[in-house]
Amino acid sequence: MPSAMNITRTIQWPDEEILAFLRELRERTPLTHYISNQVAANITANVLLAVGASPAMVISSNEVEGFVKMAQGLLINIGTITSRDERAMLKAAASAHEAGTPWVLDPVAVGISEYRTRVSNDLIAFNPSIIRGNASEILSISGAFGGSKGTDSTASSTDAVDAARYIAAKTKSVVAVSGEVDYITDGESVVAVPGGNVIMTRVTAIGCALGALMAAFLPVTGDALKSAVAASAVYAAAGERAFKNSKGTGSFAAAFLDALYLLGTE
Amino acid sequence: MPSAMNITRTIQWPDEEILAFLRELRERTPLTHYISNQVAANITANVLLAVGASPAMVISSNEVEGFVKMAQGLLINIGTITSRDERAMLKAAASAHEAGTPWVLDPVAVGISEYRTRVSNDLIAFNPSIIRGNASEILSISGAFGGSKGTDSTASSTDAVDAARYIAAKTKSVVAVSGEVDYITDGESVVAVPGGNVIMTRVTAIGCALGALMAAFLPVTGDALKSAVAASAVYAAAGERAFKNSKGTGSFAAAFLDALYLLGTE
Amino acid sequence: MPSAMNITRTIQWPDEEILAFLRELRERTPLTHYISNQVAANITANVLLAVGASPAMVISSNEVEGFVKMAQGLLINIGTITSRDERAMLKAAASAHEAGTPWVLDPVAVGISEYRTRVSNDLIAFNPSIIRGNASEILSISGAFGGSKGTDSTASSTDAVDAARYIAAKTKSVVAVSGEVDYITDGESVVAVPGGNVIMTRVTAIGCALGALMAAFLPVTGDALKSAVAASAVYAAAGERAFKNSKGTGSFAAAFLDALYLLGTE
């Protein structure tokens with residue numbers, strides 16, 4: 001981490017404040033509404049259930065507006081977006097904004113098409129508490145970099161810290177950049193979350209589920225920066241433990257859920 | 001189980017009749033059509049394949065009517081319903097009703113919106129053989145209780161037995177209530193299925209897949225009550241075994257499929 | 001394998017040419033676009049990531065045409081097709097055809113409805129590099145056999161070799177038939193890929209993900225026959241190893257991804 005990035009704080013695990021948030025999350029079982037992609041639909045619920053949240057994937061334009069108001073947090077992830085999803089997402093974001101339900105935007109693969117960029121911008125207008133993505137996505141949003149190789153990151157997270165700070169200052173959203181080290185910023189502070197394991201990039205939708213975990217922390221911490229940091233740190237700790245208990249990506253996925261389920265309960 | 005509930009029978013495992021049904025299911029590999037939610041799409045097929053059924057998720061209005069007539073059982077699960085799904089579900093239910101294909105309704109999260117309640121009622125009009133849900137969902141259908149916290153149960157299954165009996169008497173459907181103990185009723189008899197493990201509530205869509213397993217048993221037993229009981233008992237037995245072979249929710253999910261795959265074959 | 005089938009070659013594992021292709025795939029991380037079904041959405045990405053490809057499920061009519069041109073290979077799988085998917089699939093196939101992006105068609109359950117047969121024919125008109133299916137599906141396409149029991153194969157792969165050769169000669173697509181032995185033909189040569197394990201038919205969507213793996217090999221080998229053979233052989237080798245490390249279908253699925261992740265890296 002080059003000092004030029006002006007890292008305010010680096011999380012060291014175990015972190016007692018974050019473990020306290022995790023225990024509180026398990027007690028409060030926050031109802032977490034998510035509208036996500038078909039690839040992530042299952043693992044998102046399983047990540048939320050593993051840490052004790054109460055997930056609900058409600059995606060119809062006929063009911064999202066009302067449901068967002070009952071939920072304590074919302075994730076919108078545009079991974080496999082269609083026009084129908086777009087309508088529901090915009091309704092949900094507007095309702096969250098109006099009702100004060102804190103929400104997270106995961107603008108997956110933004111930049112690969114004009115369509116996706118337009119939808120992402122339309123959603124950001126409804127003030128997400130947190131915008132999370134990989135370096136390419138964050139760079140794409142900031143306009144500093146336009147090309148994303150599929151949904152993978154072709155840029156490192158350090159490259160995107162300036163872009164993240166720029167977006168955060170402009171939108172008032174906290175911006176979280178995933179990578180070998182995760183960086184989370186509110187436009188002023190930059191918190192670094194090291195840890196995890198590179199194998200996490202080889203299991204699909206683990207990043208997508210991280211956005212949902214951030215949404216589950218929002219009602220618990222009452223603070224966007226703390227929520228994004230807590231979720232990232234819990235992920236990093238569970239990822240490290242799971243890597244030790246696995247032989248490849250298949251056993252890692254199971255071990256990761258096990259680690260999330262057990263983290264902080266021992 | 002309070003005696004006031006008038007439990008007719010409590011399943012004790014191993015149950016020889018149910019094991020015989022399971023063996024017959026494995027031999028007959030019933031073609032089981034399901035229209036389910038995006039979270040449950042994969043695990044539903046894997047549960048059916050583990051016990052030897054032949055799953056098919058066919059969801060288009062262009063073909064569900066014909067396919068229902070080829071299938072030996074059908075599950076309709078409204079978890080992530082959209083208007084498009086609604087049209088296909090109503091066509092499939094009508095076709096099942098007309099053709100005599102026995103079918104199961106899983107009215108996930110009914111009660112969280114007027115939309116969901118209306119669709120659930122419209123589907124019930126096509127005479128499902130079995131309606132399955134958690135206590136909140138069953139109470140919501142009966143009108144005795146209106147609030148469901150996401151898709152989790154906020155009421156215990158014992159609370160819902162009276163509601164289940166009421167619905168069964170009124171609709172002629174068998175009603176199955178999932179919980180620490182499952183209760184299945186045809187409006188007169190109430191069968192209790194104890195067992196399983198609470199960790200099953202922490203793995204998403206396991207309950208959804210139970211509805212599909214009930215649908216797979218329908219052509220085998222030729223009886224809605226026996227099918228719902230058999231599926232619930234097989235689940236409870238597999239869940240107990242899987243819990244012993246797992247460390248958390250990730251390894252439990254794999255161990256549960258293993259247990260279903262092996263159950264009754266040794 | 002009856003000699004009447006005129007098998008040109010039978011793959012013996014380990015095969016050095018295929019292992020070299022696999023190593024090259026891991027180095028080049030080909031961007032592999034897939035439009036697949038809801039059941040296969042997750043495992044398809046995980047299979048691709050396990051071997052080092054870069055998967056992207058982009059399914060909206062608003063962006064598939066452009067994305068296909070950025071991708072190095074495409075899979076279209078019609079498993080849970082709806083009218084909306086159909087429109088996106090036809091756009092993607094047309095764009096692939098025009099841009100020269102090689103692509104794979106998996107006509108799941110073709111033959112169970114007129115709708116599915118019509119869509120399959122419309123897609124074949126855009127010249128897939130590879131058509132893959134089980135024996136029933138291939139027989140259905142060839143018109144030699146019309147009935148498919150769900151998505152399972154009710155005919156053996158040997159029965160379908162003549163049909164495959166017939167389709168390949170007529171369409172100029174390579175045709176791959178999955179079964180106890182896989183057969184791949186360009187209309188003249190027939191390559192047999194033995195191996196794997198029958199438990200692979202009891203884990204949903206493993207076959208669907210095979211189509212995606214073929215698409216990932218297309219830019220690496222530059223040859224449709226070699227790509228289909230390489231993907232099938234890698235699958236067979238990983239399946240055999242995974243079977244030895246598993247107790248049932250749940251642990252098999254994880255062990256299979258582990259085996260794909262490790263294959264050829266030791």
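All values derive from a computational prediction rather than experimental measurement. Numbered from 1 within each chain, the chains take letters A, B, ... in sequence-line order.
When Thr82(A), Ile81(A), Asn37(A) are each tested for a side chain to side chain contact (heavy atoms under 4.5 Å, CB included) with Ile59(C), only one passes: Thr82(A).
Annotation: maximal heavy-atom pairing with chain A below 4.5 Å, among Ala40(C), Ser36(C), Ala41(C), occurs at Ala41(C).
Pairing each heavy atom of Tyr261(C) with each of Lys247(A), the nearest pair is CD2-O, 4.3 Å. The two atoms that bring Thr80(A) and Met57(C) nearest to each other are CG2-O, 3.4 Å, heavy atoms only. What you find for Thr204(A) and Asn42(C) is that their closest heavy atoms are CG2-ND2, 3.5 Å.
Within 6.0 Å of CZ in Phe126(C) there are more than 12 heavy atoms belonging to other residues, nucleotides or ligands.
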- Message: Could you walk me through whether Thr249(A) and Asp258(C) satisfy the side chain to side chain donor-acceptor pair (under 3.5 Å) test, starting with their C-alpha distance in whole Å, then the side-chain angles of each, then the deciding distance to 0.1 Å, before giving a yes or no?
- Response: CA-CA 5 Å; Thr249(A) 49; Asp258(C) 284 355; 4.9 Å; no
- Item | Criterion side-chain contact (heavy atoms from CB on, under 4.5 Å) on Ser60(C) and Tyr115(A), from CA distance to verdict | CA-CA 10 Å; Ser60(C) 168; Tyr115(A) 172 65; 4.1 Å; yes
- Check step by step if side-chain contact (heavy atoms from CB on, under 4.5 Å) holds for Val58(C) and Arg116(A). CA-CA 11 Å; Val58(C) 172; Arg116(A) 214 166 267 257; 4.2 Å; yes
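If you measure heavy-atom distances from Val64(C) to chain A, you find no contacts under 4.5 Å at all. The contact between Tyr34(C) and chain A is made entirely by side chain atoms (from C-beta outward), counting heavy-atom distances below 4.5 Å.
Between Val203(A) and Asn46(C), some side-chain heavy-atom pair lies under the 4.5 Å cut-off. Within the 4.5 Å cutoff, the side chain of Ser113(A) has no heavy atoms near those of the Asn62(C) side chain.
Atom OG of Ser251(A) sits about 9.5 Å away from atom CG of Asn245(C), to the nearest 0.5 Å.
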